[in-house]
Amino acid sequence: MTENQVEILLVEDNPNDVELTLHAFKSNHVSNFIHVVRDGAEALEYIFCEGQYEERKIEDSPRLILLDLKLPKVDGLEVLRQIRSDDRTKSIPVVILTSSDEERDVIESYKLGVNSYIRKPVDFEKFSKVVKDLEYYWLLLNIGPPNDPGR
Amino acid sequence: MKTSKAGNKEWEPGTMRLVVELLMNPVKVLKSNLGAQFTLIFLLLAVLPMVGVGIFAYSTARSALEQEVINRLTTITLLKESEVNRWINDNQDLLSALAQRPLVREYSAELITLDVRTDPAFDTLRESLLEDHFLPSLLGSSGFNDLMLIRASDGLILVSSDKSLKGKYRESTAFFIQGKQFTYVQHPVYDLSHGEAIMHISTPVKDSRGQVTAVLVGHSNLGELSWILAQRSGISQTEESYLVNISNLLMTKSRFITGAVLVKSIFSEGVSTCLTGASGSGYYDDYRGVAVVGVYRWMAELEMCIITEEDQAEAFSVINRMSSTILLAVVVTLAISLVLGLIMTRSITQPLSQLVDSSLEIGSGNLDHRIEIKGTDEISLLAQSFNQMAASLKLITASRDELDKEVTERKQAQEELIRERDKAQRYLDVAGAIFVVIDPDETVRLINKAGCDMLGADEDEIIGKNWFDNFIPERNRSEIRGVYKLLMKGDIEPTEYYENSVCAIDGSERIIAWHNTILINEEGLIQGTLSSGEDITKRRVVEGELSIKDFAFESSSSADSIGSNDGFLTHANPSFAKLWGYENVDEVIGQPILNFMADKSEALKIIESITKTGKWTGEYKALKKDGSTFIALSYANAVYDADGKQTAMYSSVVDVTERKKAEKALRDSEYMLRESQQVAKVGSYSLDIPGDFWLGSQTLDDVFGIDEKYNKNIKGWLDLVHPEDQIMMGDYFATNILKNHKPFNKEYRIIRENDQHVRWVHGYGNLELNDDGDPIKMIGTIQDITKRKIAEYEILKLNEELEVRVLQRTAQLNAANEELEAFAYSVSHDLRSPLRAIDGFSRIIMDEHLSDLPGEVQRYLGLVRDNTLDMDKLIDNLLAFSRLGRQALVRQRVFPNELVKLALKELEDDLAGRAVEKTIADLPECQADPALLKLVYINLLSNALKFTRGRDPAIIEIGCMDRGGEQIYFVKDNGVGFDMQYANKLFGVFQRLHRTEDFEGTGVGLANVQRIIHRHGGRVWAESEVDQGATFYFTCEGEIKDD
């Protein structure tokens, strides 16, 4: 793990949700590096090191991607599809974190190989707990694939 | 004191009781007790002057003291005010002097020409100004803490004894702007950077040409002012002086509160008054809440109040001690005068009260009581007179008693007399006979009630009238009067029995049988007659007519009979016996009337009708002796006596059996046919085919609109057929009838001859063939069916329109539903994000800044979060509701009992700790979506549990009933129920019939139930009464529809 490796990539367009999520992370004191992108297109650029992120190395992939579904430009399901269809990125754990719990969204996400689907609770205490559990599970307890680059 | 104690004991218990009563009910005791009145006067005489003097002394002393305190405080205030002013003046002078020092002016003029940053000469100049002029001044007797020199052109601080200010700008401060023009004293302000009250004095520094080069500013933190004000006169312990600015802020140090300078706001009466610009004094609560005497003065130049206060407790301690002394004196005097008053009054009132007791004794009737006389004073004389009075009273009373007795006896005798008289009158009235007493002068002197009734007049109208002129018919008058005159003369003896007519007031006549008696007085003189009479009018009439009637009855050819009220035949004539098949009259008399009628219940009705209305005419089925029946036409009526009372029933009967038969035969035939043809517009015909002519009924002519002159042959019929149908009908007749010999059965149009209206008819006919098999005759009917045709057409048209409309509506409905669901879906999602933000940030504030928040704000934040979460629940429910509409319906055989069991399991949390009596019937199976039907039960049961919350026990009945093959499932509870007038709102989304504080919920549950039931094609409804529980019914089978 390099010094500046991003541990979590948060793809979220709503500034309030960004702030709340970061706040929840901050109070858990687990991960140091969270990068926030604000739409689907930027998320793809970040993950595939294109455009403004072309200096990044694709091996330094985030350890967890938190993905909203309703996103400007490119929607969350499309982002997920692209991550899963590229050999270099398909093993990154992706968790959908969204307001919608429509059955069709859930089914579609799992079809595309999402690791987890979580509806953001409105109750902030529950929300904080969800974020905390996410972090503990995916960053501390979960064992990633053995030949994961950059690990 | 010893004697007084002994005295106390001697008064027991009378005096003590008096005192107690006086306390319990002072007014009553004072009004009735002389002793208490005396005592009260004593008390008032002793205490009133004492109190008066005390109050006067107290108020005089107090006002003197108040004046003295205020004078002292005013002096102190004035002194301090002048010291404050002098302090400011001194500082002003000091600053002006410094600004006018030639060296200061010269340095200043030079400093402003130098570049602050680069020129090394600047620092040198500044240092020397500071060292040589500013610091020595500060060390001297000045009240300044710091001095600074500000460049006039731009407000840059050139030199400052406070190093931290070096290089800063003060171009927009009041002391800089004002100080450029004159020596300016700035009102004290709160300095945020130093956290203390400060005051600035500034003055211009001019160069040799008189141009202002800089502003010299002195800065003071008011420490010295506080010190001046803190100096006390030493006379009083609580005295305090302080300054308050126009923002009600304390400007100098408080003796009582540390760190209050420019922090403590003061709104005492003194400060508030003073800040209006007034000066004066007053009594009020100071900033500590302690009552003080205060003197305040408005310092206009500084825009501040100077206030000196002293606690009232200390200032008026002397006078308070004095008032307690006075109060003590009053109490002691009160006690002494009470004792003296009681002793004095007792000696006066004791004999008086003895006198009162005795007079009460005499008053209550004991006239033998005498008062014991002691001494010879006025009271003893009074007692003596009392005794004399009692003695004479006794004498008078004895004679009055005798008088009373006599009066009572007389009254009794009189009452006896009246009773006797009333009794006689009653006998006279009760007797059925008429009694009349006539005077010799022919006037009526007395008549009883029966007499009055007979004459139809009141007693007053009869008595005193001439009997013969008024009450005897004219034709008999002279004869009867003659007899009476002879009677009066005593010429003839009265006849025992005498009949004559009497004329009533209304002119009617009655025949009366009289018995006369001559009235003779004690002296043997004739005083008139007493006649008793009996009304025999009826008897006479009946007697006269009876024989004629008998004859008519016996010989009548109709069967006549008379029955008694209790239903037995009493009379019958020979015709009656014959008609009913009996040998003779004797055989029928005495039998119940019902024996002669076939239908007993009808018979009872007839009898009832006679009794009620007086008569009955009609037919009934009569029962003969041999059991056969006939139709009897009867004229019956009730028989009454003179009083209108029914005495019997009379009936005259004719046998109408034969006539009936004839009538019936007639009706059965042609009559009925004609009627029915007309009603149904069916005409009948008979067509002679070889002869080519038809005969038709009148109705057929009406249907065709023709008359008897019409050409009634086959061509004539075809002419009537509508031109468009003529070819077809011609073919039909030729082929179907004439050739194939089939029956005629066809609907076709005609044009009615008389009014040329197009009519639809239905022709029907059967052929008669001859032996050779050729048709010779067709008999049939033709019916006008126009109305039916029109109706059929209308229905057809309506059906078509309806179908088009249904299609349109369905399309609209589907479109609206889709839109609605898209809307609900998107709204639910977009609403969640802001909610999460509201809840999240509220929570962060509460977690991380709780200690900064006042309790109220914490509560409000809590409410914000509660509401946010409520809204979240609402959205969840809305989404679930919208989903129900989209979910596919999977119908299968379900057993509702299993679903109820599952539903109750899900509701375990709601059931926990509740006393609920559940009755679950055997529920018949049905075709439904099990998941959705379970949801129906969950919603209904959770509702039932919710609204029975206050019931112990809650009773919930789950059942089903069969209504004409339809299964109606229901859930019934004994909860609070609802008002049926809101039943239509019950199943609407977000409709609630109860307040959220009483019963929580979002108002979606029942909407879901309705949606599910409607999707199953079932119905759902509820019945309830407020506080009487509610029952929800539903059916789940029917035509499936998607709503």
Side-chain angles (χ1 to χ4, degrees), chain A residues 10-29 34 36-40 66-72 75-77 95-109 117-135, chain B residues 818 820-850 853 858 860-890 929 931-932 935 1002:
Chain A
L10 177 62
V11 190
E12 170 67 71
D13 67 320
N14 184 322
N16 292 323
D17 281 351
V18 170
E19 190 164 349
L20 290 174
T21 313
L22 292 180
H23 189 278
F25 277 128
K26 203 166 76 187
S27 51
N28 291 341
H29 310 294
I34 299 162
V36 182
V37 289
R38 303 296 298 278
D39 61 53
L66 295 179
L67 186 60
D68 193 4
L69 284 184
K70 271 181 78 180
L71 290 171
D75 76 19
L77 289 173
V95 172
I96 301 280
L97 190 59
T98 180
S99 296
S100 157
D101 59 351
E102 270 304 295
E103 205 168 288
R104 58 173 182 230
D105 289 339
V106 181
I107 291 171
E108 188 61 25
S109 303
Y117 187 107
I118 291 166
R119 199 191 95 185
K120 295 178 207 166
V122 166
D123 186 339
F124 185 67
E125 275 157 60
K126 289 186 193 150
F127 184 72
S128 299
K129 172 117 178 25
V130 164
V131 169
K132 186 173 157 189
D133 292 348
L134 267 179
E135 213 180 4
Chain B
E818 275 168 32
L820 206 64
E821 254 142 50
F823 175 72
Y825 175 72
S826 123
V827 158
S828 308
H829 285 270
D830 293 346
L831 280 181
R832 274 199 213 284
S833 298
L835 278 185
R836 198 164 41 247
I838 294 169
D839 188 67
F841 294 124
S842 312
R843 180 69 208 185
I844 291 170
I845 293 173
M846 284 176 83
D847 283 350
E848 299 175 10
H849 305 279
L850 197 67
L853 299 175
Q858 291 177 20
Y860 287 151
L861 270 179
L863 286 177
V864 167
R865 298 200 61 224
D866 289 350
N867 277 295
T868 317
L869 298 182
D870 282 350
M871 178 91 183
D872 186 37
K873 258 179 244 156
L874 267 177
I875 292 172
D876 275 342
N877 288 329
L878 187 62
L879 266 181
F881 180 69
S882 129
R883 256 180 223 143
L884 271 183
R886 290 177 280 148
Q887 207 165 315
L889 189 75
V890 186
D929 185 317
L932 293 181
L935 208 54
T1002 52

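Quick note on labels: first sequence line is chain A, next is B, and so on, each numbered from 1. All figures in this text were calculated on a predicted structure; none of them were measured in a lab.
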Let me confirm one number: the OG-CG distance from B:S833 to A:L20, rounded to the nearest 0.5 Å. 10.5 Å
Quick check for you: to the nearest 0.5 Å, what is the distance between A:N16 atom CG and B:I838 atom CD1?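 Reported to 0.5 Å precision, the distance equals 9.0 Å.
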Pick one of side chain, backbone, both or neither for A:N14, based on which atoms fall under 4.5 Å of a heavy atom in chain B.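 Side chain only.
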So what's closer than 4.5 Å to chain B heavy atoms on A:P15: side chain, backbone, both or neither? neither
Return yes when atom CD of B:Q858 has more than 12 non-hydrogen atoms of other residues, nucleotides or ligands closer than 6.0 Å, and no otherwise. yes
Residue among B:L869, B:T868, B:D847 with most heavy-atom pairs under 4.5 Å to chain A: B:L869
Could you tell me which non-hydrogen atom of B:R865 sits nearest to which non-hydrogen atom of A:F124, and how far apart they are?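 Heavy-atom minimum between the residues: NH2-N, 4.0 Å.
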Identify the two heavy atoms, one from B:R836 and one from A:S99, that lie closest to each other, and give their separation to 0.1 Å. NH2-OG, 3.2 Å
Apply side chain to side chain contact (heavy atoms under 4.5 Å, CB included) to the pair A:E125 and B:R843, showing each step before the final yes or no. CA-CA 8 Å; A:E125 275 157 60; B:R843 180 69 208 185; 2.4 Å; yes
